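In the text below, chain A, chain B and the rest are named by the order of the sequence lines, each starting its count at 1. Worth knowing before you read on, the calculation uses all heavy atoms, side chains too, and leaves out hydrogens, waters and symmetry mates. Please read all numbers here as calculations on a predicted model, not as lab measurements.
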Amino acid sequence: MTRPLLRALDRSLLEQPAHEVAPQILNLLIACGERVGRIVEVEAYGGTDDPASHAHRGPTPRATIMFDRPGLLYVYRSYGVHWCANVVAHRPSEVGAVLIRAIEPIAGLEQMWAARPAARRPQDLGSGPGKLCQALGINDEHLGTDLLEPGAAVRLVRDGADPPAHPVIGTRIGISVGLDHPWRFSVPGSCHRSRRW
DNA sequence: ATAGAGATTGCCT
DNA sequence: GGCAATCTCTATA
């Protein structure tokens, strides 16, 4: 097995509506220190016109970063317990982000196991938005990190893998409004996705 | 001020 | 399958 060749991302990839960006970041790598995971499931969230989005009511203290530059990391607290990670993504002057819902562990597995004592199988490490933040060690200290900046604490990079030509598409889960949008995407066949499709 | 819902997870029965 | 944990924001007063 050869070392994967890592390439920087072009920011223009993220300067499109979140629901167009979302399937494009499948199979990218997210890295925090030595810990690396492959993104296998995402959901897109829009701006004030998306009732399920944190940005629906405008730039609240929590959601302000969704109005900021594409490529920044949006971390929020879920149910007062877990951290969840998003990539800010939208057209200029618009609003949106892509929630990372599941990763396949790639490197730093020992640290991931240590960070997730409840995990029993490898797919328990990152098969959910809260789980993958725990596994990677992402928390509110990383809020606003530029994921495309070399040397940043949390990075988004590409290796040899392209996004799937035909991602699995579904409606977003865990929400009660905005169910009409088919904005959940995952890598076909991955056993590291969150809930059953 | 206070109450209730929420982009979740893990432990209990 | 039920439910607690406990932060952020909204609605109501």
Side-chain angles (χ1 to χ4, degrees), chain A residues 14 17-23 25-26 30 35 37 39-68 70 72-90 94-105 112-145 147 154 156 167-187 191-197:
Chain A
L14 307 177
H19 65 274
E20 294 180 16
V21 172
I25 70 171
L26 289 174
I30 182 165
R35 298 178 242 184
I39 298 171
V40 297
E41 180 182 333
V42 296
E43 280 176 358
Y45 287 88
T48 54
D49 52 346
D50 178 5
S53 173
H54 290 164
H56 178 51
R57 310 283 178 171
T60 61
R62 179 176 65 171
T64 295
I65 192 160
M66 291 181 68
F67 295 71
D68 208 316
L72 300 189
L73 179 65
Y74 169 33
V75 179
Y76 73 91
R77 178 92 85 171
S78 174
Y79 289 89
V81 181
H82 308 286
W83 299 112
C84 293
N86 300 247
V87 181
V88 175
H90 54 78
E94 302 216 356
V95 184
V98 178
L99 171 68
I100 303 175
R101 285 199 56 88
I103 61 167
E104 173 190 347
M112 293 188 190
W113 284 113
R116 284 196 40 71
R120 306 197 141 264
R121 306 160 302 168
Q123 54 265 46
D124 297 330
L125 289 174
S127 57
K131 296 178 188 177
L132 70 90
C133 282
Q134 202 178 357
L136 290 169
I138 293 175
N139 56 57
D140 58 337
E141 295 175 12
H142 304 294
L143 175 65
T145 299
L147 296 164
V154 186
L156 198 58
V168 180
I169 302 175
T171 88
R172 299 175 292 182
I173 62 173
I175 57 175
S176 57
V177 289
L179 297 166
D180 45 327
H181 296 301
W183 286 354
R184 185 188 188 199
F185 306 90
S186 73
V187 175
C191 64
H192 297 272
R193 297 181 287 177
S194 59
R195 300 204 251 165
R196 199 148 191 83
W197 284 78

Using Watson-Crick pairs (N1 to N3, plus N6-O4 or O6-N4) and G-U wobble pairs, both distances under 3.5 Å, which stems of at least 3 pairs involve DNA chain B?
-> B:1-6 with C:7-12, B:8-12 with C:1-5
OP1 or OP2 of [N] under 4.0 Å from side-chain N/O of [X]:
X: A:Arg101; N: B:dT8; result: yes
X: A:Ser78; N: B:dA7; result: no
X: A:Arg62; N: B:dA7; result: no
X: A:Arg116; N: B:dG10; result: yes

Could you check whether A:Tyr45 and the base of B:dA7 form a stacked pair, meaning centres closer than 5.5 Å and planes differing by less than 30°?
-> yes
With rounding to whole Å, what would you report as the distance between C:dA11 and B:dA7 at their P atoms?
-> 14 Å
Span that lies between the P atom of B:dG4 and that of C:dA4, in whole angstrom | 14 Å
Minimal non-hydrogen separation, A:Glu41 against A:Leu26, with atom names | N-CD2, 3.7 Å
If you check every side-chain atom of [X], which of [options] has the closest atom?
X: A:Ala118; options: C:dC7, C:dA11, B:dG10; result: B:dG10
X: A:Arg77; options: B:dT9, C:dC7, B:dA7; result: C:dC7
X: A:Tyr79; options: C:dA11, C:dT6, B:dG6; result: B:dG6

DNA chain C contacts among residues 172-182 of chain A, heavy-atom distance under 4.0 Å = none
DNA chain C contacts made by residues 130-145 of chain A, counting heavy atoms under 4.0 Å | none
Mutual orientation of the aromatic rings belonging to A:Trp183 and A:His19 [parallel < 30°, tilted 30-60°, perpendicular > 60°] = parallel
Heavy-atom donor-acceptor pair, A:Tyr76 side-chain to B:dA7 base, under 3.5 Å = yes
Atom OH of A:Tyr74 and atom C1' of C:dC7 are separated, to the nearest Å, by 12 Å
Let me know the distance between CZ of A:Arg57 and C1' of B:dG6, rounded to the nearest Å.
-> 12 Å
